[in-house]
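These notes are about the structure you will find just below.
Heavy-atom basis, side chains included; hydrogens, waters and symmetry copies ignored.
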Amino acid sequence: MSNGTQSLDRAAELLSLVVRAEEPVTYTSIVEQTGLARSTASRLLQSLERNGLLERDADGAFRGGTLFEHYARRFDRVEALVATAQPTLDRIADATGETVNLAVARAGTVVQVAQVDSSYMLGAMNWVGIDVPPHCSSLGKVMHAFGALPMPRGEMERRSPATITDPHAYREELELVRGRGFAITRGELEQGLDGVAAPVRGDDQRVVAAVGVSGPAFRLEDSHKSIGDLLVAESQRLTGLLARHARKVSPA
(Lines give C-alpha, C1' and ligand atoms only; values in the text may rest on other atoms or scores of the structure.)
Protein backbone atom coordinates (compact mmCIF):
# COMPACT_ATOMS: atom_id res chain seq x y z
CA MET A 1 0.00 0.00 0.00
CA SER A 2 1.43 3.44 -0.96
CA ASN A 3 2.08 6.18 1.58
CA GLY A 4 -0.61 8.30 -0.06
CA THR A 5 -3.21 5.58 0.30
CA GLN A 6 -2.18 4.98 3.90
CA SER A 7 -2.59 8.70 4.67
CA LEU A 8 -6.04 8.76 3.10
CA ASP A 9 -7.09 5.70 5.08
CA ARG A 10 -5.83 7.24 8.33
CA ALA A 11 -7.55 10.56 7.60
CA ALA A 12 -10.79 8.72 6.86
CA GLU A 13 -10.44 6.79 10.12
CA LEU A 14 -9.97 10.02 12.09
CA LEU A 15 -12.89 11.70 10.34
CA SER A 16 -15.19 8.72 10.93
CA LEU A 17 -14.20 8.57 14.60
CA VAL A 18 -15.01 12.24 15.21
CA VAL A 19 -18.19 12.46 13.13
CA ARG A 20 -19.69 9.32 14.66
CA ALA A 21 -18.94 10.38 18.24
CA GLU A 22 -21.81 11.56 20.42
CA GLU A 23 -19.79 14.58 21.59
CA PRO A 24 -16.57 16.40 20.56
CA VAL A 25 -13.46 14.22 20.82
CA THR A 26 -10.22 15.42 22.40
CA TYR A 27 -6.85 15.13 20.70
CA THR A 28 -5.60 12.77 23.41
CA SER A 29 -8.62 10.51 22.98
CA ILE A 30 -8.14 10.41 19.20
CA VAL A 31 -4.50 9.34 19.61
CA GLU A 32 -5.45 6.66 22.13
CA GLN A 33 -8.32 5.26 20.06
CA THR A 34 -6.47 5.19 16.74
CA GLY A 35 -3.01 4.22 17.95
CA LEU A 36 -1.46 6.78 15.64
CA ALA A 37 1.74 8.60 16.48
CA ARG A 38 0.97 12.01 17.95
CA SER A 39 2.76 13.79 15.11
CA THR A 40 0.80 11.83 12.48
CA ALA A 41 -2.52 12.44 14.21
CA SER A 42 -1.74 16.15 14.57
CA ARG A 43 -0.83 16.49 10.87
CA LEU A 44 -3.98 14.70 9.68
CA LEU A 45 -6.26 16.61 12.03
CA GLN A 46 -4.81 19.92 10.88
CA SER A 47 -5.41 18.92 7.24
CA LEU A 48 -9.02 17.92 7.94
CA GLU A 49 -9.55 21.17 9.85
CA ARG A 50 -8.10 23.31 7.03
CA ASN A 51 -10.53 21.71 4.56
CA GLY A 52 -13.59 22.31 6.71
CA LEU A 53 -14.16 18.66 7.54
CA LEU A 54 -13.37 19.14 11.23
CA GLU A 55 -13.40 22.07 13.62
CA ARG A 56 -12.62 22.63 17.30
CA ASP A 57 -15.01 23.68 20.00
CA ALA A 58 -14.22 26.20 22.76
CA ASP A 59 -12.32 23.52 24.71
CA GLY A 60 -10.20 22.46 21.72
CA ALA A 61 -12.01 19.15 21.13
CA PHE A 62 -12.78 18.09 17.56
CA ARG A 63 -16.22 17.86 15.93
CA GLY A 64 -17.63 17.79 12.41
CA GLY A 65 -16.74 20.88 10.39
CA THR A 66 -18.72 23.48 8.49
CA LEU A 67 -18.47 21.53 5.25
CA PHE A 68 -20.97 19.02 6.63
CA GLU A 69 -23.34 21.86 7.51
CA HIS A 70 -23.08 23.31 4.00
CA TYR A 71 -23.76 19.87 2.51
CA ALA A 72 -26.79 19.28 4.75
CA ARG A 73 -28.24 22.73 4.07
CA ARG A 74 -27.91 22.25 0.33
CA PHE A 75 -29.91 19.04 0.41
CA ASP A 76 -32.42 20.54 2.81
CA ARG A 77 -33.02 23.24 0.20
CA VAL A 78 -33.52 20.65 -2.52
CA GLU A 79 -35.98 18.71 -0.37
CA ALA A 80 -37.90 21.92 0.34
CA LEU A 81 -37.90 22.78 -3.36
CA VAL A 82 -39.24 19.34 -4.30
CA ALA A 83 -41.99 19.53 -1.68
CA THR A 84 -43.07 22.99 -2.83
CA ALA A 85 -42.90 22.04 -6.52
CA GLN A 86 -44.85 18.77 -6.31
CA PRO A 87 -48.31 20.30 -6.93
CA THR A 88 -46.84 22.15 -9.92
CA LEU A 89 -45.41 18.94 -11.36
CA ASP A 90 -48.72 17.16 -10.83
CA ARG A 91 -50.71 19.88 -12.64
CA ILE A 92 -48.33 19.80 -15.60
CA ALA A 93 -48.55 16.00 -15.74
CA ASP A 94 -52.34 16.13 -15.66
CA ALA A 95 -52.39 18.71 -18.46
CA THR A 96 -49.91 16.95 -20.76
CA GLY A 97 -49.95 13.27 -19.83
CA GLU A 98 -46.17 13.28 -20.37
CA THR A 99 -43.18 12.77 -18.10
CA VAL A 100 -42.50 15.85 -15.98
CA ASN A 101 -39.18 16.56 -14.29
CA LEU A 102 -37.72 19.06 -11.86
CA ALA A 103 -33.97 19.63 -12.08
CA VAL A 104 -31.28 21.67 -10.35
CA ALA A 105 -27.73 22.59 -11.30
CA ARG A 106 -25.05 20.83 -9.29
CA ALA A 107 -21.31 20.31 -9.79
CA GLY A 108 -21.36 21.61 -13.35
CA THR A 109 -24.23 19.49 -14.59
CA VAL A 110 -28.01 19.08 -14.31
CA VAL A 111 -29.43 16.75 -11.67
CA GLN A 112 -33.06 15.71 -11.94
CA VAL A 113 -34.50 15.63 -8.42
CA ALA A 114 -38.19 14.83 -8.94
CA GLN A 115 -40.39 13.23 -11.58
CA VAL A 116 -44.02 12.54 -12.34
CA ASP A 117 -44.29 9.62 -14.75
CA SER A 118 -46.03 9.73 -18.09
CA SER A 119 -49.52 8.32 -18.24
CA TYR A 120 -48.50 6.59 -21.48
CA MET A 121 -46.60 3.31 -21.58
CA LEU A 122 -44.37 4.68 -24.34
CA GLY A 123 -42.22 7.42 -22.85
CA ALA A 124 -42.49 6.41 -19.20
CA MET A 125 -38.86 6.42 -18.02
CA ASN A 126 -37.39 7.44 -14.69
CA TRP A 127 -34.82 10.17 -15.35
CA VAL A 128 -34.04 10.93 -11.68
CA GLY A 129 -30.33 10.54 -11.09
CA ILE A 130 -29.50 9.86 -14.76
CA ASP A 131 -26.59 11.97 -15.99
CA VAL A 132 -27.03 13.48 -19.46
CA PRO A 133 -24.98 16.23 -21.15
CA PRO A 134 -26.79 19.51 -20.33
CA HIS A 135 -26.57 20.84 -23.88
CA CYS A 136 -28.59 17.85 -25.10
CA SER A 137 -31.55 18.44 -22.77
CA SER A 138 -34.13 21.20 -22.52
CA LEU A 139 -33.50 21.39 -18.77
CA GLY A 140 -29.79 21.88 -19.40
CA LYS A 141 -30.40 24.53 -22.05
CA VAL A 142 -32.44 26.48 -19.50
CA MET A 143 -29.57 26.30 -17.01
CA HIS A 144 -27.07 27.49 -19.61
CA ALA A 145 -29.32 30.20 -21.01
CA PHE A 146 -30.08 31.80 -17.66
CA GLY A 147 -26.66 31.46 -16.05
CA ALA A 148 -27.34 28.65 -13.58
CA LEU A 149 -24.61 26.64 -15.32
CA PRO A 150 -21.47 27.95 -17.05
CA MET A 151 -21.28 27.54 -20.80
CA PRO A 152 -19.79 24.25 -22.03
CA ARG A 153 -16.05 24.24 -22.52
CA GLY A 154 -14.19 22.19 -25.05
CA GLU A 155 -15.82 19.73 -27.41
CA MET A 156 -19.56 19.24 -26.98
CA GLU A 157 -20.62 15.61 -27.04
CA ARG A 158 -22.80 14.45 -29.92
CA ARG A 159 -25.52 12.12 -28.66
CA SER A 160 -27.60 12.03 -31.84
CA PRO A 161 -27.48 13.48 -35.37
CA ALA A 162 -29.56 16.42 -34.10
CA THR A 163 -27.27 17.36 -31.18
CA ILE A 164 -26.01 20.94 -31.38
CA THR A 165 -22.23 20.72 -31.01
CA ASP A 166 -21.09 23.96 -32.63
CA PRO A 167 -20.49 26.60 -29.91
CA HIS A 168 -21.71 29.49 -32.07
CA ALA A 169 -24.90 27.63 -33.01
CA TYR A 170 -25.44 26.72 -29.37
CA ARG A 171 -25.12 30.34 -28.26
CA GLU A 172 -27.70 31.29 -30.87
CA GLU A 173 -29.97 28.55 -29.54
CA LEU A 174 -29.66 29.97 -26.03
CA GLU A 175 -30.63 33.41 -27.33
CA LEU A 176 -33.85 31.84 -28.59
CA VAL A 177 -34.41 30.25 -25.17
CA ARG A 178 -34.04 33.59 -23.41
CA GLY A 179 -36.28 35.29 -25.94
CA ARG A 180 -39.23 32.94 -25.68
CA GLY A 181 -38.73 31.99 -22.03
CA PHE A 182 -38.44 28.22 -22.52
CA ALA A 183 -36.13 25.67 -24.14
CA ILE A 184 -36.88 22.97 -26.69
CA THR A 185 -34.95 19.87 -27.70
CA ARG A 186 -35.83 17.96 -30.82
CA GLY A 187 -34.19 14.55 -30.72
CA GLU A 188 -30.90 16.04 -29.49
CA LEU A 189 -30.34 13.55 -26.69
CA GLU A 190 -31.95 10.60 -28.43
CA GLN A 191 -33.68 10.36 -31.77
CA GLY A 192 -37.44 10.56 -31.39
CA LEU A 193 -37.28 12.13 -27.90
CA ASP A 194 -38.37 15.76 -27.50
CA GLY A 195 -38.31 17.99 -24.44
CA VAL A 196 -39.51 21.42 -23.33
CA ALA A 197 -38.39 23.22 -20.15
CA ALA A 198 -38.72 26.56 -18.37
CA PRO A 199 -36.74 28.24 -15.57
CA VAL A 200 -37.77 28.47 -11.93
CA ARG A 201 -36.37 31.44 -10.01
CA GLY A 202 -35.58 31.90 -6.35
CA ASP A 203 -36.52 34.86 -4.21
CA ASP A 204 -33.49 36.75 -5.56
CA GLN A 205 -34.70 36.10 -9.16
CA ARG A 206 -31.77 33.86 -9.98
CA VAL A 207 -32.64 30.58 -11.68
CA VAL A 208 -32.57 27.82 -9.06
CA ALA A 209 -34.24 25.01 -11.01
CA ALA A 210 -35.95 24.06 -14.23
CA VAL A 211 -39.19 22.21 -14.84
CA GLY A 212 -39.62 20.24 -18.03
CA VAL A 213 -41.74 17.86 -20.05
CA SER A 214 -40.34 15.09 -22.23
CA GLY A 215 -41.82 12.44 -24.47
CA PRO A 216 -41.88 10.92 -27.95
CA ALA A 217 -41.59 13.45 -30.77
CA PHE A 218 -44.73 12.19 -32.47
CA ARG A 219 -46.75 13.32 -29.43
CA LEU A 220 -44.86 16.52 -28.61
CA GLU A 221 -43.64 18.01 -31.89
CA ASP A 222 -46.88 19.90 -32.61
CA SER A 223 -47.24 21.06 -29.01
CA HIS A 224 -43.86 22.61 -28.21
CA LYS A 225 -45.23 26.14 -27.94
CA SER A 226 -48.35 25.27 -25.98
CA ILE A 227 -46.33 23.12 -23.56
CA GLY A 228 -43.72 25.87 -23.29
CA ASP A 229 -46.37 28.47 -22.47
CA LEU A 230 -47.83 26.13 -19.84
CA LEU A 231 -44.40 25.57 -18.30
CA VAL A 232 -43.65 29.30 -18.20
CA ALA A 233 -46.96 30.01 -16.45
CA GLU A 234 -46.47 27.17 -13.95
CA SER A 235 -42.82 28.01 -13.30
CA GLN A 236 -43.75 31.64 -12.61
CA ARG A 237 -46.40 30.44 -10.19
CA LEU A 238 -43.83 28.22 -8.49
CA THR A 239 -41.36 31.11 -8.37
CA GLY A 240 -43.97 33.12 -6.47
CA LEU A 241 -44.50 30.26 -4.01
CA LEU A 242 -40.77 29.97 -3.37
CA ALA A 243 -40.54 33.71 -2.74
CA ARG A 244 -43.38 33.57 -0.21
CA HIS A 245 -41.83 30.59 1.55
CA ALA A 246 -38.46 32.39 1.70
CA ARG A 247 -40.10 35.41 3.36
CA LYS A 248 -41.76 33.15 5.94
CA VAL A 249 -38.51 31.52 7.01
CA SER A 250 -36.26 34.57 6.80
CA PRO A 251 -35.32 36.26 10.08
CA ALA A 252 -37.32 39.35 11.03
Side-chain angles (χ1 to χ4, degrees), residues 88-89 91-105 108-200 207 209-236 238:
T88 299
L89 306 183
R91 283 194 302 271
I92 296 169
D94 288 342
T96 65
E98 303 293 349
T99 300
V100 183
N101 282 97
L102 180 71
V104 298
T109 191
V110 175
V111 178
Q112 302 189 57
V113 294
Q115 174 169 313
V116 178
D117 293 338
S118 170
S119 60
Y120 300 97
M121 291 185 65
L122 181 60
M125 174 178 174
N126 191 340
W127 291 94
V128 175
I130 294 179
D131 187 20
V132 301
H135 68 281
C136 297
S137 75
S138 57
L139 295 162
K141 286 184 182 181
V142 164
M143 300 298 189
H144 283 148
F146 294 98
L149 276 181
M151 286 291 290
R153 292 184 178 181
E155 186 176 354
M156 297 166 68
E157 181 183 357
R158 182 178 297 280
R159 295 292 291 266
S160 83
T163 304
I164 301 173
T165 58
D166 177 70
H168 177 71
Y170 191 62
R171 285 192 294 271
E172 290 184 339
E173 174 73 6
L174 298 184
E175 284 292 335
L176 293 176
V177 174
R178 287 187 286 269
R180 65 181 170 234
F182 59 88
I184 300 170
T185 50
R186 301 174 176 86
E188 294 159 49
L189 176 64
E190 181 180 296
Q191 286 183 289
L193 176 66
D194 283 11
V196 187
V200 178
V207 171
V211 61
V213 167
S214 62
F218 71 85
R219 288 204 304 260
L220 265 63
E221 59 188 354
D222 294 330
S223 306
H224 289 158
K225 186 179 186 308
S226 61
I227 292 174
D229 290 342
L230 170 67
L231 290 175
V232 168
E234 287 289 354
S235 66
Q236 290 175 346
L238 177 55

Contact summary for [X] and [Y], nearest pair of heavy atoms:
X    : Y    : result
L149 : G108 : CD2-C, 3.6 Å
E98  : P216 : OE1-CD, 4.1 Å
L139 : A103 : CD1-CB, 3.9 Å
C136 : T163 : SG-CG2, 3.7 Å
T99  : N101 : CG2-OD1, 3.5 Å
A183 : V142 : CB-CG2, 3.8 Å

Supply the atom-to-atom distance [X] [atom1] to [Y] [atom2], rounded to the nearest 0.5 angstrom.
X    : Y    : atom1 : atom2 : value
Q112 : S214 : CD    : OG    : 7.5 Å
I164 : H135 : CD1   : NE2   : 9.0 Å
L220 : I184 : CG    : CD1   : 10.0 Å
E234 : I227 : CD    : CD1   : 13.0 Å

Check: Do V132 and V110 have side chains that get closer than 4.5 Å, going by heavy atoms?
Finding: no
Item checked: Close side-chain approach of M143 to P134, heavy-atom, < 4.5 Å -> no
Report, one line per pair, each donor and acceptor closer than 3.5 Å where one atom sits in a side chain of residues 189-200; sequence neighbours left out.
residue : atom : partner : partner atom : Å
D194    : OD1  : G187    : N            : 3.2
D194    : OD2  : H224    : NE2          : 2.9

Item checked: salt bridge (charged side-chain N to carboxylate O under 4.0 Å, His left out) partners of E221, counting only residues at least two apart -> none
Next item on the list: Apply salt bridge (charged side-chain N to carboxylate O under 4.0 Å, His left out) to R171 and list each qualifying residue two or more places apart in sequence or on a separate chain.
Entry: none
Notebook entry, point to check: Checking side-chain contact (heavy atoms from CB on, under 4.5 Å) for the pair V116/I92: CA distance, chi angles, key distance, verdict?
Noted result: CA-CA 9 Å; V116 178; I92 296 169; over 6 Å; no
Notebook entry, point to check: Does any pair with a residue in residues 140-151 pass salt bridge (charged side-chain N to carboxylate O under 4.0 Å, His left out), and if so which ones, sequence neighbours excluded?
Noted result: K141-E173, K141-E188
Taking only residues two or more places apart in sequence or in another chain, which ones pass side-chain hydrogen bond (donor to acceptor under 3.5 Å, both in side chains) with [X]?
X    : answer
R178 : E175
T165 : R158
D94  : none
R180 : none

Check: Can you name the ring pair (Phe, Tyr, Trp, His ring centres under 6.0 Å) partners of F146, sequence neighbours left out?
Finding: none
Margin query: Listing request: all ring-ring contact (aromatic ring centres under 6.0 Å, His included) pairs with a residue in residues 168-200, at least two apart in sequence or in separate chains.
Written below: H144-Y170
Note to self: Tell me if a side-chain donor or acceptor on S138 pairs with a main-chain N or O of T185 at a distance below 3.5 Å.
What the structure shows: no
Checklist line | Flag, side chain of S137 to backbone of G140, donor-acceptor distance under 3.5 Å | finding: yes
Margin query: Test of understanding: with side-chain contact (heavy atoms from CB on, under 4.5 Å), list the residues that count as partners of A233, not counting sequence neighbours.
Written below: none
Checklist line | Test side-chain contact (heavy atoms from CB on, under 4.5 Å) applied to Q236 - qualifying residues, sequence neighbours left out | finding: V232
